[in-house]
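Structure record follows, encoded as structure tokens.
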Amino acid sequence: MTQPHITADAHDLPRHAMTRWRLTAGLCSALLPGTGQFLLGQRVRALVFWALLVVIVILWIPMRLPGSFLGLLAALILTVVLWLASAHDALLGFRRSEGGVRGLWLAVVLPIALVIALVDCVIFFHLAGFHTLKVASNGMEPTIRPGERLVISTRSFQPVQGDIIYFRRYGTMMLKRVAGLGGNLVQGSNGAVLVNGAALVEPYAQHTGPHLPNLDNFPPVSVPQGSLFVLGDNRDVSLDSRMAEFGTVEESEILGRPVYVGMSSNPLRIGKTIR
């Protein structure tokens with residue numbers, strides 16, 4: 001038995017057959033915008049939705065819209081709206097003046113389209129070179145606070161002094177700030193950090209505990225080429241390059257850098273750029 005072919009004469013189909021085709025088209029467009037319209041023979045509408053889909057993918061990946069918090073929100077909203085609009089449009093099919101399936105769309109197709117859109121957002125997010133990290137330590141306070149979830153860019157970059165880098169050490173993912181580059185001579189003197197004899201200006205650094213002599217005063221360290229001398233902003237609790245057992249970080253070990261706060265117990269910090 002052959003399936004009915006939807007054409008401009010689809011009004012001649014029995015009501016139950018049209019409802020079935022509408023539902024099939026709605027589900028297809030919930031999976032991929034435009035496919036339901038194509039199945040219904042609505043080629044122009046399908047091309048419009050496919051063009052919008054290409055724009056969405058470009059915004060996510062080559063343009064990397066999630067590189068800012070507002071960009072991430074915009075990308076999420078546009079993606080969800082496209083998936084829902086396409087599913088809704090395909091579900092209505094040809095007989096747009098008739099009812100009969102709107103309740104079914106709300107109960108079945110809408111949630112499916114929403115879930116698939118959100119899953120696709122996660123896929124696009126990772127393909128664009130981002131992931132999230134929940135902060136477990138207080139070594140980078142006050143810049144980064146424990147419990148916050150950060151958005152990390154995993155695109156390669158050339159770090160400079162003052163950048164915060166993301167890397168693995170002792171089997172743990174860490175965030176530290178670059179204090180010295182390859183070829184620099186770094187030394188600690190009474191809590192100040194000297195690079196090539198000049199004290200760093202560090203408005204982000206804080207001392208919250210007893211000043212330990214081996215952390216406030218450490219001998220000159222010649223940073224090897226291709227390596228970085230890193231420090232935590234919370235100087236009295238941070239495990240970092242001041243300790244011989246920690247050492248410097250090779251640039252090849254860098255996995256990325258934090259770009260902004262994605263989630264925080266303090267609503268005012270959500271979306272805050274990490275500097």
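Because only heavy atoms are used, hydrogens play no part in the values below, and waters and symmetry mates are left out as well, while side chains stay in.
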Is the closest side-chain heavy-atom distance between Leu200 and Gln161 below 4.5 Å? yes
Are Leu23 and Ile112 grouped together when hydrophobic residues (ILVMFWY) are joined by side-chain heavy atoms under 4.5 angstrom apart? yes
Where the side chain of Asn266 meets the backbone of Leu268, is there a donor-acceptor pair that is under 3.5 Å apart? yes
Going by atom types alone, do Asp89 and Ser29 pair a side-chain donor with an acceptor below 3.5 Å? no
Taking the side chain as every heavy atom from C-beta outward, state whether Leu175 and Leu150 have any pair of such atoms under 4.5 Å apart. yes
Under a 4.5 Å side-chain heavy-atom rule over Ile, Leu, Val, Met, Phe, Trp and Tyr, are Leu185 and Leu231 clustered together? no
Checking Asn184 side chain against Val195 main chain: does a donor-acceptor pair fall under 3.5 Å? no
Can you tell me how the ring of Phe124 sits relative to the ring of Trp60, calling it parallel under 30°, perpendicular over 60° and tilted otherwise? tilted
Heavy atoms, side chains only, cut-off 4.5 Å: are Val81 and Leu78 in contact? no
For the CE atom on Met173, are there more than 12 heavy atoms of other groups (residues, nucleotides or ligands in this structure) within a distance under 6.0 Å? yes
Should we count CE of Met63 as having more than 12 external heavy atoms under 6.0 Å? no
In short, Val135 meets Ile144 closest at the heavy-atom pair CG2-CG2, 3.4 Å
Under a 4.5 Å cut-off applied to non-hydrogen side-chain atoms, are Phe38 and Arg43 in contact? yes
So, the side chain of Asp233 versus the backbone of Pro142: is there a donor-acceptor pair under 3.5 Å, distance only? no
Step by step, would you call Phe130 with Arg155 a side-chain contact (heavy atoms from CB on, under 4.5 Å)? CA-CA 8 Å; Phe130 297 99; Arg155 287 278 182 94; over 6 Å; no
If only atom types and distance count, is the side chain of Ser241 paired as donor or acceptor with the main-chain N or O of Gly247 below 3.5 Å? yes
Shortest non-hydrogen pair, Ser68 vs Gly71, comes out as OG-N, 3.0 Å
Are His207 and Asp216 close enough that some pair of their side-chain heavy atoms sits under 4.5 Å apart? yes
Looking at side-chain heavy atoms only, is the closest gap between Leu82 and Leu53 below 4.5 Å? yes
For Pro219, is there any backbone N or O sitting under 3.5 Å from a side-chain donor or acceptor partner on Gln187? no
Using the rule given for side-chain contact (heavy atoms from CB on, under 4.5 Å), can you reason through Val223 versus Leu181, listing the C-alpha separation, both sets of side-chain angles and the distance that settles it, and then say yes or no? CA-CA 7 Å; Val223 184; Leu181 305 174; over 6 Å; no
Start with the C-alpha distance between Val80 and Leu118, add both sets of side-chain angles, then the distance that settles side-chain contact (heavy atoms from CB on, under 4.5 Å), and finish with yes or no. CA-CA 7 Å; Val80 169; Leu118 294 176; 4.0 Å; yes
ILVMFWY cluster, Ile58 and Ile61 together (side-chain gap under 4.5 Å): yes
Whether Arg64 side chain and Ala128 backbone form a donor-acceptor pair below 3.5 Å: yes
Linked, directly or transitively: Val259 and Leu59 (ILVMFWY side chains, under 4.5 Å): yes
What's the spacing between Arg149 CZ and Ser264 OG if we round to 0.5 Å? 12.0 Å
Under 3.5 Å, side chain of Thr35 to main-chain N/O of Cys28, donor-acceptor pair present? yes
Within this structure, what is the CE-CG distance for the pair Met174 and Leu255, rounded to the nearest 0.5 Å? 12.5 Å
Distance, nearest 0.5 Å, that separates CZ of Phe229 from OG of Ser222: 11.5 Å
Please name the pair of heavy atoms, one in Gly262 and one in Ile270, separated by the smallest distance, quoted to 0.1 Å. O-CG2, 3.5 Å
Hey, quick one: are Tyr204 and Tyr166 part of the same hydrophobic cluster, counting side-chain heavy atoms closer than 4.5 Å, chains of contacts allowed? no
Think Arg169 forms a cation-pi with Phe246, using NZ or CZ under 6.0 Å from the six-ring centre and within 45 degrees of its axis? yes
Determine whether a donor-acceptor pair (N or O, by modelled atom type, separation under 3.5 Å) exists between the side chain of Ser86 and the backbone of Gly34. yes
Arg177 (side chain) donor-acceptor with Arg275 (main chain) under 3.5 angstrom: yes
Please confirm whether the backbone N or O of Leu114 pairs with a side-chain atom of Trp83, one donor and one acceptor, at under 3.5 Å? no
Side-chain contact test, heavy atoms from C-beta onward, threshold under 4.5 Å: evaluate it for Glu141 versus Pro146 and give yes or no. yes
Can you name the closest pair of heavy atoms from Gly232 and Met140 and give their distance? CA-SD, 3.7 Å
Which heavy-atom pair separates Asp240 from Val230 by the least distance, and what is that distance? CB-O, 3.3 Å
Rounded to the nearest 0.5 Å, what's the gap from OG on Ser238 to NZ on Lys176? Could you check? 3.0 Å
I'd like to know if Glu202 pairs up with Arg235 as an ion pair, taking the criterion as any Lys NZ or Arg NE/NH1/NH2 lying under 4.0 Å from an Asp or Glu carboxylate oxygen. yes
Within this structure, what is the CG-CD1 distance for the pair Leu31 and Ile116, rounded to the nearest 0.5 Å? 4.0 Å
Phe69 side chain near Val261 side chain, heavy-atom distance below 4.5 Å: no
Stepwise, does the side-chain contact (heavy atoms from CB on, under 4.5 Å) test hold for Glu253 with Arg168? CA-CA 7 Å; Glu253 294 181 88; Arg168 183 189 299 273; over 6 Å; no
In this structure, OG1 of Thr248 is separated from CG of Leu228 (nearest 0.5 Å) by 8.0 Å
Which pair of non-hydrogen atoms, one from Gln225 and one from Gly183, has the smallest distance, and what is that distance? NE2-CA, 3.5 Å
